[in-house]
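For reference, the structure is listed below as structure tokens.
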Amino acid sequence: MIVASLSRARALKAAAMISFILGVEAVFVTLPELVRGVNAVSIDGNVPPYFVMFAALLFGILRIVGSIGTWQGQRGGIILTVLANTLDMMAAAPGILVAPSLIWRMAALSGVLFSATVVVLCFRRNATAID
Amino acid sequence: MTVIDRVVRLDLHLILKSTLIGSLMVAYGFCVFVLVVALGVLPFGDPEALMVEPEWLTPAFGHFPLLDAVLFILFGPSAGVSLLGFIVVLITSPTVYRWLQGGIDELLDGADDEAQEHALNVMAQLTPHLDAMTAPYPAILPTIVATIAQSLKLPYVAIETPTALIPAATASATLAAPPSDFGGEGGLVVFGACPPGAAVARLPLHYRGNQIGALHVAARHGASLSATNLAVLHALARQVGIALYAAQLTDELQRARIRLVTAQEEERRRIRHDLHDGLGPMLASFAMQLEAARAKLPRNADASAASLAYLAEQMQAIIGDIRRLVYALRPPDLDEFGLLSALREYLRRTQSDGTLIDLVAPPTLPPLPAAVEVAVYRIVQEATNNALRHAHPGLIRVTLAIELHEPTTVPGHMRLSVAIDDDGRGLPEQPTNGIGMHSMRERAEELGGSWRIERIEPGGTRVMAHFAFEADANPDPGRESNPETTTDRRE
């Protein structure tokens, strides 16, 4: 597996990149919907509930901030990235079953899988030269 | 301890660790369950058509959409699908938990990509202590274990050596000491306490291919040493091995020096005995016989009488020289009366008008090595002479104290302290290090002891010397005991 051959430094950089992309994607996807307002989103049956998109926007911002620290190998950034992706995973998972359309279900599934990948990469350990 | 105290004193590290593990395990369990349900439902149609809300949960719905979704997912699928989901989560959770715990431990416990850089950082923290070290080199070992433990946030670090470099315990005792790498015969320098049941990693310390010690390390309770920490410790072990080798060399050198000085004093004592008890009496007898022979000469043998008289005078001079030589080798009072009586006799002879001399000492002293007796005697001699000559004190107090660290039924560790206090003019602003002070310092340090001089308040000077040594397993049977009083005042 690709992940198995990565050093910790590279794994953290990969996690930072993926988390950053997910965060930017979440901001760009949810912000236009949120701008429409709670009522408009509630009426529209083709988008997730307002609070779900708000949570996705919030976690997206946290992911962007955390990814900067993760790229530099800072412990605080790594912890923030892990927590943001974990919470987003929990918020996105129900969408796999109850999302209003197939596209949103696939988005939820990909969100869960990518978030899980980021968490795994953040906990990637070096292969050690221990006798 | 109240509940509030317990909460306030919670370790932030523990809170963060618990939060991370808790949230990750909940997320993992929920996501796996959702995926299993999705695999069991989605291929057969719309989930909202195939999953049924339980009637008993109806009152809970309609309050919060996310809660509705979660309850629907958890209780909506058929019993078989739900059961399968729970089983998958249960089976995989322990493995995931262990993996997460290891990853979180490494993340929170100072994991670095560069183990060597971390090891260098730890050594950099040790450098100021090494530079400032003035005590005997083996005393650096407690600093090393403390620095490693604090840098890597470990509860227990210890260095085991084949022989005890530092007498008595130098740090806190361990709750559970690990098995010894040297059959329990060596010494152990410890920092912290080994958590009960914790796994202890033992890293051998090598120098030039020989194992000279071992580094014992334990992780926090319920945790294991991270791979990065182990790598750092292996890198540190090489540096610690060098430091330990230097400490052992210094210790062996000091022991050899003590043996040398002790043997030297024992040899002087033997020579003094031989001269005083053997040659001296023989020469004295010879002189008396010469006198007797001269007295028996006829009255007309004046020349022979004069020669015999001259020989007798020369013999007396030789006897005087031998007596001075014997005294210079070792004060005779030490061998004949012991240290306490010898000091008392010396102070009595040294007594001057206007100065009170006070000797405070235990009633008896255990048998002391000859070298230590001479060193204490000479230091008291030099210090009192200096005080009388330069300080013009009203009072000079000589205090002897002895501490026993182990029972004296078997050879063990003893510590003798001597202090000479006076209330005279005190030390000058810039005291010169004269021959006398140099001699006192050398006498103490060549036996592994310490010596210092300092001002005392409100005025005066204190000279202190400390000696640590083994109890004399073979005391001199010819030495008299010393049933002394505690103090001896003379005016």
Side-chain angles (χ1 to χ4, degrees), chain A residues 7-13 41-42 48-52 54-55 70 72-102 105-106 108-109 111-113 115-116 119-131, chain B residues 16 19-20 22-35 37-39 41-42 46-48 50-51 64-74 76-77 99-115 201 203-204 225-231 233-235:
Chain A
S7 68
R8 177 165 172 79
R10 289 190 176 182
L12 285 177
K13 289 194 187 315
V41 171
S42 301
Y50 185 88
F51 79 93
V52 173
F54 182 80
T70 303
Q72 296 172 346
Q74 297 174 359
R75 194 182 310 166
I78 298 171
I79 293 173
L80 182 60
T81 299
V82 167
L83 284 174
N85 280 275
T86 301
L87 293 172
D88 189 77
M89 219 175 2
M90 283 199 285
I96 296 174
L97 284 170
V98 300
S101 65
L102 181 62
R105 287 180 187 165
M106 294 307 296
L109 178 63
V112 169
L113 292 177
S115 295
V119 172
V120 169
L121 287 172
C122 283
F123 287 134
R124 171 70 186 158
R125 282 173 265 185
N126 266 332
T128 54
I130 303 172
D131 51 323
Chain B
L16 189 56
T19 303
L20 281 172
S23 58
L24 283 164
M25 287 306 298
V26 168
Y28 167 77
F30 183 68
C31 290
V32 167
F33 184 83
V34 168
L35 286 172
V37 169
L39 287 173
V41 170
L42 286 175
D46 184 15
E48 293 193 16
L50 295 174
M51 293 163 58
F64 193 57
L66 182 61
L67 179 62
D68 292 348
V70 171
L71 291 175
F72 183 66
I73 290 171
L74 288 177
W99 181 81
L100 281 176
Q101 191 178 40
I104 290 170
D105 284 342
E106 180 140 336
L107 177 64
L108 297 181
D109 291 343
D112 280 331
D113 288 340
E114 300 298 332
L203 294 84
L225 284 171
S226 65
T228 300
N229 273 351
L230 278 175
L233 288 167
H234 274 274

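Numbered from 1 within each chain, the chains take letters A, B, ... in sequence-line order. These numbers come from the heavy atoms of this one structure, side chains and all, not from hydrogens, waters or symmetry mates.
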Where [X] and [Y] come nearest, the two heavy atoms and their spacing:
X: B/C31; Y: A/A93; value: SG-CB, 3.9 Å
X: B/M25; Y: B/L100; value: SD-CD1, 3.7 Å
X: B/S23; Y: A/M90; value: O-CE, 4.3 Å

Worksheet item: Short question: side chain of A/R8, backbone of A/R124 - any donor-acceptor pair under 3.5 Å?
Response: yes
Worksheet entry | Backbone N/O of A/T70 and side chain of A/R75: donor-acceptor pair under 3.5 Å | no
Item to complete: Sort B/L35 into side chain, backbone, both or neither according to what part of it lies under 4.5 angstrom from a heavy atom of chain A.
Response: side chain
Worksheet item: Does any non-hydrogen side-chain atom of B/F30 lie less than 4.5 Å from one of A/V112?
Response: no
Worksheet item: Looking at CE of A/M89 and CG of B/L24, how far apart are the two atoms once the value is rounded to the nearest 0.5 Å?
Response: 6.5 Å
Item to complete: Tell me the residues of residues 77-84 of chain A whose non-hydrogen atoms fall below 4.5 Å from those of chain B, in number order.
Response: A/I78, A/I79, A/V82, A/L83
Discussion item. Using heavy-atom distances under 4.5 Å, tell me whether A/L109 contacts chain B through its side chain, its backbone, both, or neither.
Written reply: side chain
